[in-house]
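A quick write-up on the structure given underneath.
The structure displayed is predicted, hence computed values, not measured ones.
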2 protein chains.
Amino acid sequence: MPATYDHPRAALTVDCAVFGLDDDGLKVLLIQRGIEPFAGRWALPGGFVHLDETLEQAALRELREETGLERVFLEQLYTFGDPGRDPRERVVTVAYYALVRLGDHTVQAATDARSVAWFATDDLPALAFDHDAILAAALNRLQAKVRYQPIGFELLPPKFSLTQLQRLYETVLERPLDKRNFRKKALALGILQELDEVEQDVAHRAARLYRFDEAAYRQKLADGFNFEL
Amino acid sequence: MPATYDHPRAALTVDCAVFGLDDDGLKVLLIQRGIEPFAGRWALPGGFVHLDETLEQAALRELREETGLERVFLEQLYTFGDPGRDPRERVVTVAYYALVRLGDHTVQAATDARSVAWFATDDLPALAFDHDAILAAALNRLQAKVRYQPIGFELLPPKFSLTQLQRLYETVLERPLDKRNFRKKALALGILQELDEVEQDVAHRAARLYRFDEAAYRQKLADGFNFEL
DNA sequence: AAATATAGTGTCAATACAACACTAAGTCAA
DNA sequence: TTGACTTAGTGTTGTATTGACACTATATTT
């Protein structure tokens, strides 16, 4: 169904910076482009926005189609639209960032031949388009946001130890934290539910497990509580 | 020059929430729509993005064309793109917010007949499209941002008293601040330049005037200084 | 039983924060 | 000119928060 307009229009896409955490640190999900421009280069997953879906729906759909991911934490980041960011024509992209629990999902390449892989955020290949700038912005946002909103839990398994939580913060903030101070503060937030379970299969004293208490979080959020860590 | 595409495309616009400050409090600049849809309703200034300009350039151009404002502080806010937010067709808008010194500029209606006016942010008329949601987001952002970045100076004249500065913060944050504590903190930021001038034409002891020291600000920003007030 | 590896815990000093009230300096009007 | 008025300007103190710091507990492995 061809469409005709008085004036040429920009194309509109969404792109997602998807972060995951494993023992090696912070990872980002990239797909390898199969077609020009930038064929063979790695890029953020994304694609064109359909006319009948919201921007967020478009981002979730592209994630599902291109990587198999579903039910991730997703938030709008920034809109990139400089002329020339796509060599073919004017393309404006609404960038999102997403957080996933690495254990939960195994990513898979989409139906077409493009491959999907996790890359360490501190050792990235050259990216297509201006995706390096988008990714840098996403990392900045993640770092800023994690300070005052407990979004980091989205990167951890549902049950986690305080040590895992601390490693997460140390990884994202890129600085070491004092163990005792961290534990005091984390527990003082009042949004961790202590479980009657401990780690399994570790070659040392097992750590107690906690769960993120979303109900308590919502309650405190409504009361204007400050979640700075 | 008509353009034809395989698939229909969303239209792309920018909208600006422009804030100013006067003795009555925080104001926002609105224009009255001349045409349908929402003819006669007040709306945020904005318009279509041209293919050869950046999003920010589009926002600045629309501001100039519709309100006569130039050289304002401008920052991207969020992109609103739900289907149905414009009754005619799919329109995605990249929203910006801007801060201006009310004394500096007199706004004027654009060449066409639409009128322009400042409205108190706490007493707004019904707005066109989803502009009430955009404006609410802009106010939230301003409030959050002013806490940790000294952007408030953009709302004040170049030379201002500490009392004016405090009134600004009290207005934006919507709570009273302690005079002595505020002055201590504000001066401790090290980004205020004390001038050898005082207020003129006031019916009481005149206050010393200060200027925002941008050089010092940049310096401290680079050093990772924390500008929380 | 010893070695190893991580879990888990409290104190103290320094700093930051919040509460609080009076004097100083100018204008204006009687 | 003096008194009333209005806003400018200034320090201290108690409280809360932060950051630095080291050892014991508990499990596994050899």
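With rounding to whole Å, R208(A) atom CZ is found 14 Å from dA27(D) atom C1'. In this structure, L192(A) atom CG and dG8(C) atom P are separated by 13 Å, rounded to whole Å. Here the P atom of nucleotide dT18(D) and the CG atom of L177(A) are 13 Å apart, to the nearest Å. The CZ-C1' distance, from F182(B) to dA8(D), rounds to 14 Å in whole Å. Atom CD of E199(A) is separated from atom P of dT26(D) by 16 Å (rounded to the nearest Å). One atom, CG of D201(B), and another, C1' of dT27(C), lie 12 Å apart when rounded to the nearest Å.
In the model, Q193(B) has no side-chain atom that pairs as donor or acceptor with a side-chain atom of Y210(B) under 3.5 Å. Using modelled atom types and a 3.5 Å distance limit, the side chains of D82(B) and T54(A) yield no donor-acceptor pair. In this model, no donor atom of one side chain and acceptor atom of the other lie less than 3.5 Å apart for Y96(B) and E56(B).
Every pair tested for salt bridge (charged side-chain N to carboxylate O under 4.0 Å, His left out) that includes a residue from residues 220-229 of chain A fails, sequence neighbours excluded, so the list is empty. Residue pairs that meet the ring-ring contact (aromatic ring centres under 6.0 Å, His included) test with at least one member in residues 163-186 of chain B, sequence neighbours left out, are Y169(B)-F182(B). Pairs of residues two or more places apart, or lying in two chains, that qualify as salt bridge (charged side-chain N to carboxylate O under 4.0 Å, His left out) and include a residue from residues 116-138 of chain A are R85(A)-D130(A). Sequence neighbours left out, the pairs with a member in residues 196-215 of chain B that pass salt bridge (charged side-chain N to carboxylate O under 4.0 Å, His left out) are K159(B)-E197(B), E194(B)-R208(B), E214(B)-R218(B).
For the segment residues 221-229 of chain B, no residue has any heavy atom less than 4.0 angstrom from an atom of DNA chain C. Heavy-atom distances under 4.0 Å link DNA chain C to T163(A) of residues 160-173 of chain A, given in residue order.
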Collect all protein-nucleotide pairs involving nucleotides 23-26 of chain C in which both atoms are nitrogen or oxygen and the distance is under 3.5 Å.
{"unit_1": "dA24(C)", "atom_1": "N3", "unit_2": "R205(B)", "atom_2": "NH1", "d": "3.1"}
{"unit_1": "dA25(C)", "atom_1": "O4'", "unit_2": "R205(B)", "atom_2": "NE", "d": "3.4"}

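Judged as a side chain to side chain donor-acceptor pair (under 3.5 Å), and not counting sequence neighbours, K179(B) has no contacts. Here K185(A) pairs with nothing under the side chain to side chain donor-acceptor pair (under 3.5 Å) rule; sequence neighbours left out. Considering only residues two or more places apart in sequence or on other chains, Q166(A) meets the side chain to side chain donor-acceptor pair (under 3.5 Å) condition with E170(A). With sequence neighbours excluded, the residues forming a side-chain contact (heavy atoms from CB on, under 4.5 Å) with R147(B) are Q143(B), L173(B), R175(B), listed by chain and number.
Inter-residue side-chain proximity for L165(A) and F212(A) is flagged as unmet; no heavy-atom pair is nearer than 4.5 Å.
Ring centers of Y217(B) and F153(B): at least 6.0 Å apart, outside the cut-off.
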(request) Assign a letter to each nucleotide of nucleotides 10-17 of chain D from its 5' end: B, base within under 4.0 Å of a protein heavy atom; S, sugar-phosphate only; -, no contact. (result) BBB-----
